[in-house]
J.: 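First the structure, which I've put down as structure tokens, then a few questions once you've had a look.
These figures come from a predicted structure and were not determined experimentally.
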Amino acid sequence: MARGDLTDEEWAIIGPLLPPERSRLARPAGDNRLFLNGMLHVLRTGCPWRDMHERYGKWNSVYARGFAVWPNRACGMPYCKPW
């Protein structure tokens, strides 16, 4: 765990609120905690998405999941692009 990543206590509170770790496609969706730590890293440091640290996964996967898929699932709306 890197400095600034979610602790086990914080994850115990936040983790159950997120959509399940499954994918609509054949590929596995990945670890929710890893994706959330990646999003928080970018928001905390202010770095561009493409400069996100590699330990969090591919920058475009973290961006798409955090700002396109999760918000729409959380409010019960079907996936739709904001533009």
Side-chain angles (χ1 to χ4, degrees):
M1 180 166 62
R3 184 175 70 117
D5 286 352
L6 293 172
T7 64
D8 292 335
E9 293 82 20
E10 292 168 335
W11 180 247
I13 297 169
I14 297 171
L17 302 175
L18 299 175
E21 296 172 11
R22 61 179 174 79
S23 176
R24 297 180 312 212
L25 305 174
R27 289 181 284 176
D31 180 23
N32 276 343
R33 186 173 185 171
L34 190 64
F35 279 92
L36 184 57
N37 280 329
M39 285 183 271
L40 293 174
H41 170 75
V42 170
L43 295 172
R44 182 177 54 252
T45 62
C47 72
W49 282 101
R50 290 177 188 256
D51 293 340
M52 182 184 75
H53 199 279
E54 295 173 355
R55 72 174 164 260
Y56 300 118
K58 296 179 182 179
W59 72 267
N60 53 347
S61 297
V62 175
Y63 173 81
R65 191 168 179 182
F67 291 97
V69 177
W70 278 356
N72 291 324
R73 283 190 188 169
C75 66
M77 295 173 56
Y79 177 77
C80 61
K81 292 185 179 181
W83 55 87

J.: For the CG atom of Leu36 and the NE2 atom of His41, what is their distance to the nearest 0.5 Å?
T.: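 Rounded to the nearest 0.5 Å, the CG-NE2 separation comes out at 13.5 Å.
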
J.: Nearest heavy-atom pair of Arg44 and Arg3: which atoms, and what distance?
T.: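 Minimum heavy-atom contact is NH2-O, 4.0 Å.
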
J.: So, taking the atom named CG in Leu17 and the one named CG in Asn32, what distance separates them when rounded to the nearest 0.5 Å?
T.: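 These two atoms lie 11.0 Å from each other.
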
J.: Go through the structure and list residues passing side-chain contact (heavy atoms from CB on, under 4.5 Å) with Arg50, not counting sequence neighbours.
T.: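 Arg50 satisfies side-chain contact (heavy atoms from CB on, under 4.5 Å) with Trp59 once adjacent residues are dropped.
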
J.: Within the distance-only criterion (no hydrogens, no angle test), does the side chain of Asn37 pair as donor or acceptor with the backbone N or O of Tyr56 below 3.5 angstrom?
T.: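 No; zero donor-acceptor contacts below 3.5 Å.
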
J.: With salt bridge (charged side-chain N to carboxylate O under 4.0 Å, His left out) as the rule and sequence neighbours excluded, what pairs involving residues 4-15 come up?
T.: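 Only Asp8-Arg33 qualify under salt bridge (charged side-chain N to carboxylate O under 4.0 Å, His left out).
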
J.: Between atom CG of Asp31 and atom CZ of Phe35, what is the distance when rounded to the nearest 0.5 Å?
T.: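 With rounding to 0.5 Å, CG (Asp31) is 8.0 Å from CZ (Phe35).
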
J.: Go through the steps for Trp49 and Val42 under the test side chain to side chain contact (heavy atoms under 4.5 Å, CB included), then give the verdict.
T.: CA-CA 7 Å; Trp49 282 101; Val42 170; 3.7 Å; yes

